[in-house]
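Below is one structure; the comments refer to it alone.
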Amino acid sequence: MHAPLSLIAGVLSVAQSAPEEAMGAPDSQIEQSPRHREARIEYWSSEFLDSRASTRLHLTTRFSLSDGHRVFGGGSAWSFELFGTLGVAEGVGLSARVPLGVRQPSSDEPVRAFMGNLSLGTSLGHPVELDEDIDLLFAAGLDAYLPTLGEQSPGAQARAAASVAVIRAHEPQLYIPQFLGARIRAQAGISLPGVELQLELGLVPGVTVRQDSDAVLLSSVAARVNGRLGDTVEPFVELGASFQIAGAGDVSPPVMLTPGVRLHITDFFDPAVFASINFVESAVLVFGVDIGGALRTEEPKTRQRTPHRRDDWLEL
């Protein structure tokens, strides 16, 4: 009799423990299995700080064909900029920008080409995860400008440099002759499902290294919104402006609104086209093409998540 009783007791014990194991199985499986998160479309702006410090390369061309009165007035101003960022550690990047300006007057004056001020910089960024699909974006940067744009006497050369500087509302100091200075900037943003927003502020102290040296202090403000259409198309809108706070001269390019679209075609090809509209001279439109690309990081597209149960809410 003892053997059948012990067998029955064993069966009852297993039956009683089975529901408890079944209740615990989902939690253990959830802890081991990540919840899939939709892959984000990264933003590769050639202007803004990147809190992820992605390794990327841009060749950005901007041009205006206006004479100040008509959109297509015969003359033209061009900027060609090679910009690259090297991610050396998580959130840490080193960057360089090589600018070239070209001015073709509508008159009989010759075409003038010149190198702008070489820029070297570093940035530090850190995305902060708030929720499964929401990140706060923080970044700061320091850029140095070397006076590689030679001394410009009043006349055709000075007009050429000024005509290119005004199509770069976000960073006109690239085309201020003999400018030696720095830019300190900070960015805050938020990344939501399908959209990212950034706000960036900058301060630019500098001097002109010539015999009659002048000090200058500029400020800059810029905002950006980008969305996503599928996995390939990234429409964006940027707003940029620079203002002179102190110093000689008048470095005040117009505020520019820049809508555009970037295509994420392959793992290292993300071209963009855009147009900039200013609020001072509506006839002066700036068109642009950015041949850019970035190395995709190894960040996984899934994140470890353990959903809280209702009975866990009171646990410390």
Side-chain angles (χ1 to χ4, degrees), residues 37-63 78-102 115-116 118-127 135 137 139-141 143 167-168 170-171 174 183 185 187 189 191 194-198 200 222-238 240 256 258-276 286-301:
R37 174 179 181 173
E38 186 180 11
R40 287 212 190 112
I41 190 167
E42 299 89 348
Y43 62 93
W44 313 126
S45 172
S46 62
E47 298 284 344
F48 284 64
L49 287 167
D50 180 6
S51 62
R52 302 174 181 94
S54 307
T55 296
R56 52 200 172 98
L57 185 66
H58 297 265
L59 176 58
T60 307
T61 302
R62 292 177 177 82
F63 60 94
W78 300 72
S79 69
F80 303 90
E81 296 168 11
L82 182 63
F83 172 73
T85 295
L86 176 64
V88 296
E90 184 176 357
V92 181
L94 301 176
S95 62
R97 190 183 301 271
V98 181
L100 175 68
V102 178
M115 181 177 177
L118 178 67
S119 172
L120 302 174
T122 183
S123 63
L124 177 64
H126 182 61
D135 286 348
L137 308 174
D143 303 293
I167 68 174
R168 290 291 278 111
H170 191 262
E171 204 174 2
L174 288 169
R183 175 173 63 164
R185 52 179 173 158
Q187 183 195 101
S191 179
V195 65
E196 289 185 343
L197 303 92
Q198 296 90 39
E200 191 169 294
R224 188 175 196 270
V225 179
N226 73 292
R228 63 176 299 174
L229 298 175
D231 296 329
T232 304
V233 181
E234 177 194 353
F236 62 87
V237 177
E238 297 178 355
M256 288 192 179
T258 304
V261 61
R262 187 175 296 277
L263 302 178
H264 300 274
I265 298 175
T266 66
D267 286 344
F268 193 77
F269 188 50
D270 307 86
V273 293
F274 55 89
S276 296
V286 178
F287 305 95
V289 178
D290 177 43
I291 306 301
L295 289 177
R296 304 304 195 256
T297 62
E298 297 297 326
E299 181 182 358
K301 296 180 181 179

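Numbers here simply count residues along the sequence, with the first being 1. The figures that follow rest on heavy atoms only: side chains count, while hydrogens, waters and symmetry mates do not.
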Practice problem: Show your reasoning for whether salt bridge (charged side-chain N to carboxylate O under 4.0 Å, His left out) applies to Arg183 and Glu171. | Solution: CA-CA 10 Å; Arg183 175 173 63 164; Glu171 204 174 2; 3.3 Å; yes
When rounded to the nearest 0.5 Å, the distance separating CG of Leu137 from CZ of Phe48 is 12.5 Å
Drop me the distance from Asp270's CG to His264's NE2, to the nearest 0.5 angstrom.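 So the CG of Asp270 and the NE2 of His264 are separated by 5.5 Å.
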### Task
Walk me through it: do Phe274 and Val237 pass the test side-chain contact (heavy atoms from CB on, under 4.5 Å)?
CA-CA 9 Å; Phe274 55 89; Val237 177; over 6 Å; no
**Request:** Would you check if Gln198 and Asn226 make a side-chain contact, meaning some heavy-atom pair closer than 4.5 Å?
**Result:** yes
By side-chain contact (heavy atoms from CB on, under 4.5 Å), which residues pair with [X], not counting sequence neighbours?
X: Pro235; answer: Leu229, Val233
X: Phe268; answer: Leu295
X: Ala139; answer: Leu49, Ser51, Gln187

Least distance between heavy atoms, [X] atom then [Y] atom:
X: Ser45; Y: Glu238; answer: OG-OE2, 3.2 Å
X: Trp78; Y: Thr61; answer: CE3-CG2, 4.0 Å
X: Ala275; Y: Phe287; answer: CB-CD2, 4.2 Å

Which residues pass the side chain to side chain donor-acceptor pair (under 3.5 Å) test with [X], not counting sequence neighbours?
X: Arg185; result: Asp143, Glu200
X: Ser276; result: Thr258
X: His58; result: Arg56, Asp290

With sequence neighbours left out, the residues meeting ring-ring contact (aromatic ring centres under 6.0 Å, His included) with Phe236 are none
Please list every donor-acceptor pair under 3.5 Å in which a side-chain atom of residues 80-100 meets a protein atom from a residue at least two apart or in another chain.
| from | atom 1 | to | atom 2 | distance (Å) |
| --- | --- | --- | --- | --- |
| Glu81 | OE1 | Arg97 | NH1 | 3.4 |
| Glu81 | OE1 | Arg168 | NE | 3.4 |
| Glu81 | OE1 | Arg168 | NH2 | 3.2 |
| Glu81 | OE2 | Arg168 | NE | 2.8 |
| Glu81 | OE2 | Tyr175 | OH | 3.0 |
| Arg97 | NH2 | Ser46 | O | 2.9 |

If we check salt bridge (Lys or Arg N to Asp or Glu O under 4.0 Å) with Glu196, which of these qualifies: Arg228, Arg224, Arg52?
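Result for salt bridge (Lys or Arg N to Asp or Glu O under 4.0 Å) with Glu196: Arg52.
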